Amino acid sequence: MSEFKEFATKWGLVVDLDKCTGCGACMISCQVENNIAPVVEASNKLRSLNWMWIFEMTNGKAFPENDAAFLPRPCMQCGKPPCVSVCPVVATDKNEEGGIVSQIYPRCIGCRYCVGACPYHARYFNWFDPIWPEGMEKAITPHASTRPRGVVEKCTLCHHRWNYAKEKARQEGKDPSALPENAYVPACVEACPTGAMYFGDLKNPKHKVHELAKSPNAFRLLEKLGTNPQVYYVSAREWVRKQGDNQLPAKEKA
Amino acid sequence: MEDRHSAKQTCGGGVLFAIMFIVGLAGALVAGWWGFPQLLYSQNSQPIRFSHKVHAEAGGMECKQCHTYAASGQYVGLPSTEACGECHADETGGKSDSDKEIDKLVKTYVQPNKPIPWLTYQFQPDNVFFSHSAHTGFECVSCHPDVAKMDNPPVYYQDRLSTYSKQTMRMPGCERCHAELGVNNACYVCHK
């Protein structure tokens, strides 16, 4: 799978799992920013849809040694996205500087190949038209286009915020292709109360994520699949790092 | 005898068939090229018969004088009613069509300070992200029609099904220019 381009700018998200309390502020801010209709019953998986989802991890040990961690899961913006190669209509693509995997709703035919191909379950299909309770439709933002029934959607790393940041840079007479740190951050990163999430250009040494992603404590989800995600996790706890690659206990012993 | 008779009949049938075919084809073409667009697009006119020509030529005004950037740079906006009122504060009381139109503007919108419900020909669907600030190097008329030469605002055609404007700039136009100038044509460059 070498047909995917390498980009000069690679937007990357680094989540420090030792700082994440699993509060869900990232999920909520994402929902508001990107016009995801309010969830009526979150346990109903046909009716619930979240671009950002928090998974609970435990080390599986009894009380004194018991330990837990929370893992926020946006779209991994893979370097070799399995969803893109299966899309029959090029509704999803990785072709733009920055490396964000795009999703064009009017182009999507709803075949859901990408949902099946994504190893991170980051893609969601609209089984129903979204419903905003009366009055709440006033909170719909112009940032993200609303999605009808029958199309797939996913996290875009708040791509519109990048557009706004570039626009601001142009108006200030700065180079829109060399944004400073924090000129563009997704809603989830902005909302994180513990500062567990970092965002920036993985290739820019001036950005914090450049170093963080290289830390010995950094790992990516299911790295062994070779999807090469642009989302990194950091944890000082070894069991967390191991679960990130879904290492089975039997395999560890061997 | 019998053979000749049947041959004659086939010949007449052929002519009839040809006539029916031509009539049918013409009917289908008229229905498709004229009838269907009439059905699909509603024709709307602007609330005020605004003459760009009078303002640009006689008034000597430039596009940017009224169409200023929004703070975000995302669009070149329509002027506010106050901006119109700066020149058209009072009724003219004139008898000509133009004077009557100015009086209509002053009476209905400027004096009560109501926004004018202009129809935007270039209205784009909500999944389009367009930034004027990224295109400042171009002349307005390289994408927009040269309204400065128009005395009457053109009819606004609206798609009855999609509610989109018929006269808006289409994706192939954007793509062609991006391709010719070597600008990225990835989906998210213009879509959200």
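Chain naming here is simple, since letters A, B, ... match the order of the sequence lines and numbering starts at 1 in each. As the structure is a computational prediction, the values presented were derived from the model and not from experiment. As a basis for the values below, the full set of heavy atoms in this structure was taken, side chains included, without hydrogen atoms, waters or symmetry mates.
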Asker: For B:Leu29, does the CG atom have more than 12 heavy-atom neighbours from other residues, nucleotides or ligands under 6.0 Å away?
Answerer: yes
Asker: For A:Pro142, is there any backbone N or O sitting under 3.5 Å from a side-chain donor or acceptor partner on B:Lys192?
Answerer: yes
Asker: If you round to the nearest 0.5 Å, how far is CH2 of A:Trp162 from CZ of B:Phe129?
Answerer: 11.5 Å
Asker: What distance separates A:Glu172 CD from B:Ser133 OG, expressed to the nearest 0.5 Å?
Answerer: 11.0 Å
Asker: For B:Asn184 and A:Glu97, which heavy atoms make the closest approach, and how far apart are they?
Answerer: ND2-N, 3.9 Å
Asker: So B:Tyr188 and A:Asn95, do their side chains get closer than 4.5 Å, heavy atoms only?
Answerer: no
Asker: More than 12 heavy atoms of other residues, nucleotides or ligands under 6.0 Å from NZ of B:Lys64: is that the case?
Answerer: no
Asker: Please round to the nearest 0.5 Å and tell me the distance separating atom NE2 of B:His132 and atom CD of A:Gln171.
Answerer: 12.0 Å
Asker: Take atom CZ in B:Phe36; do more than 12 heavy atoms of anything else shown fall under 6.0 Å from it?
Answerer: no
Asker: Between the side chains of A:Glu167 and B:Ser131, is a donor N or O closer than 3.5 angstrom to an acceptor N or O?
Answerer: yes
Asker: Under 6.0 Å from the CD atom of B:Gln38, do we count more than 12 heavy atoms belonging to anything else shown?
Answerer: yes
Asker: In terms of heavy-atom pairs under 4.5 Å with chain B, which of A:Lys166, A:Lys94, A:Gln103 leads?
Answerer: A:Gln103
Asker: Tell me, yes or no, whether the heavy-atom count around A:Tyr113 atom OH, taken from other residues, nucleotides or ligands under 6.0 Å, exceeds 12.
Answerer: no
Asker: Less than 4.5 Å to any heavy atom of chain B: does that hold for the side chain of A:Thr92, its backbone, both, or neither?
Answerer: neither
Asker: Show the nearest heavy-atom pair for residues B:Asp126 and A:Thr146, with the distance to one decimal.
Answerer: OD2-N, 3.7 Å
Asker: What distance do B:Cys187 atom SG and A:Ile104 atom CD1 have between them, rounded to the nearest 0.5 Å?
Answerer: 4.5 Å
Asker: Just wondering, more than 12 heavy atoms not from B:Glu62 lying within 6.0 Å of its CD?
Answerer: no
Asker: For atom CZ of A:Phe125, is the number of surrounding heavy atoms from other residues, nucleotides or ligands below 6.0 Å larger than 12?
Answerer: yes
Asker: Under a 4.5 Å heavy-atom cut-off, does chain A meet the side chain of B:Asn127, its backbone, both or neither?
Answerer: both
